[in-house]
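The chain is numbered in sequence order, starting from 1. When reading the values below, keep in mind they use all heavy atoms of this one structure, side chains included, and skip hydrogens, waters and symmetry mates.
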Amino acid sequence: YMAVSFPRSLALSAVIALAPGSGLAADVPAATSPAAPRPASRDLPVSLDAASSEVDYRTNTVNFRDVVISQGGMRVAAESARATGLNFENATWNFRGNVRITVDGGSLRSDEAKVDFAANRIARATISGSPAQFEQKRAETTELARGRAGLIVYDVPTGTVKLTQDAWLTDGRNDISGQELVYNVREQRVQAEAKPGNTDRVRITIRPRDPGAAP
């Protein structure tokens with residue numbers, strides 16, 4: 001494997017360090033002491049590790065094989081990645097092949113993904129597949145929140161996962177399907193709605209809890 005180091009001016013490094021997080025949200029504030037404040041997510045280093053790289057100076061594109069990019073508690077891994085230059089200030093990276101986006105407590109999986117960087121931090125991940133999949137361990141329970149759709153958009157600043165194209169989501173017991181489902185990973189809340197003028201409706205399957213089961 002090769003580790004790629006970037007200029008200090010970009011606040012980047014080649015050391016992968018996963019920071020503690022809360023659920024699927026990468027920027028949930030954590031309690032810190034005044035003497036050791038937690039750095040803002042934009043100040044955390046972006047790390048890149050790859051089996052190989054190929055730079056095309058004519059088109060200013062870089063191709064990576066077996067690549068892992070991480071920042072704080074968020075990690076993106078795929079069989080290949082393509083980017084225009086090594087600039088994370090305002091850039092879009094395209095990943096293909098067994099894409100896995102993971103953080104503490106949650107993950108997204110797909111065939112393809114587009115990851116947008118803004119101000120040297122991961123801002124949004126758009127994944128597509130047959131289908132793209134999402135899951136998060138729910139707080140204070142052993143159940144998983146899981147979803148699948150043709151297209152899933154994870155917005156890091158808002159901490160929301162939007163599922164479209166045959167969207168389906170479960171909290172581990174009840175199922176929801178519809179045109180568009182939005183899951184708030186911080187509040188663990190689902191919003192589902194049908195677009196005006198469309199005959200498709202939101203469908204919910206509620207499974208009664210076993211009377212003998214723990215609440």
Side-chain angles (χ1 to χ4, degrees), residues 1-21 24-27 38-104 106-135 149-165 185:
Y1 283 77
M2 63 172 290
V4 182
S5 297
F6 302 98
R8 179 63 62 181
S9 60
L10 292 179
L12 310 178
S13 75
V15 179
I16 297 178
L18 299 182
L24 189 60
D27 59 350
R38 181 180 178 182
S41 58
R42 64 178 177 273
D43 297 326
L44 294 173
V46 178
S47 305
L48 186 151
D49 186 88
S52 66
S53 66
E54 178 181 307
V55 181
D56 188 333
Y57 290 104
R58 294 175 300 177
T59 60
N60 192 34
T61 57
V62 186
N63 294 287
F64 295 96
R65 182 176 61 83
D66 193 7
V67 61
V68 177
I69 294 179
S70 61
Q71 183 181 41
M74 190 168 183
R75 181 177 184 269
V76 184
E79 295 176 3
S80 65
R82 180 181 178 86
T84 303
L86 290 173
N87 179 14
F88 293 98
E89 179 65 29
N90 185 18
T92 297
W93 286 58
N94 294 286
F95 298 84
R96 296 178 62 90
N98 192 24
V99 181
R100 287 122 27 230
I101 302 176
T102 61
V103 294
D104 296 327
S107 66
L108 298 100
R109 300 182 302 276
S110 65
D111 302 323
E112 300 182 7
K114 180 180 71 173
V115 177
D116 297 317
F117 291 84
N120 295 325
R121 67 174 179 174
I122 299 173
R124 175 177 297 183
T126 303
I127 67 174
S128 57
S130 303
Q133 302 178 68
F134 150 78
E135 71 176 33
L151 187 70
I152 299 178
V153 178
Y154 171 41
D155 188 85
V156 177
T158 62
T160 57
V161 176
K162 180 185 291 186
L163 302 91
T164 57
Q165 301 177 15
V185 298

| task | Go through the steps to decide whether T92 and D116 satisfy the test side-chain hydrogen bond (donor to acceptor under 3.5 Å, both in side chains), and finish with yes or no. | result | CA-CA 5 Å; T92 297; D116 297 317; 2.8 Å; yes
| request: Under the side-chain contact (heavy atoms from CB on, under 4.5 Å) rule, what do S80 and N63 come out as? Steps first, then yes or no, please. | output: CA-CA 7 Å; S80 65; N63 294 287; over 6 Å; no
| message | Quick one about N94 and R82 (side-chain donor to acceptor, distance below 3.5 Å, no hydrogens or angles considered), yes or no? | response |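 Per modelled atom types, R82 and N94 side chains form no pair under 3.5 Å.
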| query | Regarding D155 and T160, is there a side-chain donor-to-acceptor distance under 3.5 Å anywhere? | reply |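 No, T160 and D155 have no side-chain donor paired with an acceptor closer than 3.5 Å.
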| message | Are more than 12 heavy atoms, taken from residues, nucleotides or ligands other than R100, located less than 6.0 Å from that residue's CZ atom? | response |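 Yes, because the 6.0 Å sphere around CZ of R100 holds more than 12 heavy atoms from other groups.
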Evaluate the side-chain proximity of [Y] to [X]: yes if any heavy-atom separation is below 4.5 Å, no if none is.
X	Y	value
V115	F95	yes
T126	L151	yes
I122	Y154	no
L108	I152	yes
S128	S110	no
W93	F88	yes
R121	Q71	yes
F64	L48	yes

How close do [X] and [Y] get, counting heavy atoms only, and between which atoms?
X	Y	value
R109	S107	NH1-OG, 3.4 Å
V99	A113	CG1-CB, 3.6 Å
V156	R124	CG2-N, 4.4 Å
A123	P157	O-CD, 3.2 Å

